[in-house]
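Start at 1 and go down the list; that is how both ligands and their atoms are numbered.
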Amino acid sequence: MKKRIGVLLSGRGSNFEALADAISAGRIPNAEIALVISNHEDAPGIARARSRGIPALVLPSKGLQREAYDRQAVAALREKQVELVCLAGFMRLLSPFFIQSFPGAILNIHPSLLPSFPGLEAQKQALEYGVKFAGCTVHFVDENLDAGPILLQSVVPVRDDDTEQTLSARILAEEHKLYPEAVRLVLEGRYSIQARRVILTAQDRK
Ligand code: GAR
């Protein structure tokens with residue numbers, strides 16, 4: 001049976017599409033996206049999923065307590081027998097209930113070299129701080145914001161004439177390569193975790 005991925009998103013959905021494209025192209029073998037969930041009705045990512053024939057569910061979060069929301073999301077993911085949850089621009093913190101429902105099986109992508117610049121507007125934070133290198137991180141999700149063990153990172157230079165838009169675009173291009181690679185490694189079990197360090201199997205080391 002194919003490994004079943006659930007994607008949670010709040011907006012554009014370009015990382016979701018990068019995952020879907022990588023699966024179609026065989027770069028993440030033996031996998032399928034079983035469900036896309038968004039907390040926003042008008043998230044373009046939901047329309048993108050539907051146009052690909054991938055099941056897409058809107059669960060509005062407004063007015064709901066964090067765990068009440070997460071119980072709905074976990075139930076929907078369980079119904080689709082999801083094994084790996086990928087956060088792809090999902091702008092909500094997960095509750096302990098959600099984290100414990102998928103132990104070691106939730107990934108997030110963040111547009112900075114964590115632990116620098118967690119939270120919102122990471123690219124703007126990096127520009128304003130004045131760093132010369134920025135990038136993106138795929139990490140396991142724990143109960144803290146953008147804080148779990150780091151699986152992969154990719155570095156991009158910050159140019160003197162960068163704006164938030166140009167830097168974000170350069171990082172996003174790397175995100176679209178990094179996330180599928182990280183998902184493949186996890187689905188194939190090609191890593192171990194020692195304290196905070198994610199150690200890849202020898203053949204996957206760069
Ligand atoms: C991406 O840049 C992703 O790294 C970021 O939101 C964007 C979503 O774009 N995620 C976070 O900032 C999470 N803290 P997308 O909807 O086109 O994938």
**Study point:** R48 charged N/C atom sitting above F16 aromatic ring, 6.0 Å / 45°
**Key:** no
Minimum-distance protein heavy atom relative to [atom]:
atom: atom 16 (O) of ligand 1; value: G13 N, 2.7 Å
atom: atom 5 (C) of ligand 1; value: P111 CD, 3.7 Å
atom: atom 15 (P) of ligand 1; value: S14 N, 3.4 Å
atom: atom 10 (N) of ligand 1; value: I109 O, 3.6 Å
atom: atom 4 (O) of ligand 1; value: E175 OE1, 2.7 Å

**Study point:** Contact (N/O only, under 3.5 Å) between N108 and ligand 1
**Key:** no
Review point. Taking N or O atoms only and a 3.5 Å limit, does L172 qualify as a polar contact for ligand 1?
Key: no
Cationic N near anionic O, under 4.0 Å, [X] to [Y]:
X: R27; Y: D21; value: no
X: R184; Y: E188; value: yes
X: R12; Y: E17; value: no

Check your understanding: Is it the side chain, the backbone, both or neither of D146 that has a heavy atom closer than 4.0 Å to ligand 1?
Key -> side chain
Exercise for review: Any pair with a residue in residues 143-198 that passes ring pair (Phe, Tyr, Trp, His ring centres under 6.0 Å), sequence neighbours left out, goes on the list, sorted by first then second residue, please.
Suggested key: F140-Y191
Subset of ligand 1 atoms that lie under 4.0 Å from at least one heavy atom of [X]:
X: R12; value: 9 (O), 15 (P), 16 (O), 17 (O)
X: N15; value: 1 (C), 15 (P), 17 (O), 18 (O)
X: M91; value: 6 (O), 10 (N), 11 (C), 12 (O)
X: G89; value: 6 (O), 8 (C), 10 (N)

Main-chain N/O of [Y] paired to [X] side chain as donor or acceptor, under 3.5 Å:
X: Y69; Y: L59; answer: yes
X: R50; Y: A56; answer: yes
X: T137; Y: H139; answer: no

Review point. Which one of E17, H110, R48 has a non-hydrogen atom at the shortest distance from atom 14 (N) of ligand 1?
Key: H110
**Study point:** For A43, side chain to side chain contact (heavy atoms under 4.5 Å, CB included) partners two or more places apart
**Key:** L9, S38, H40, I46
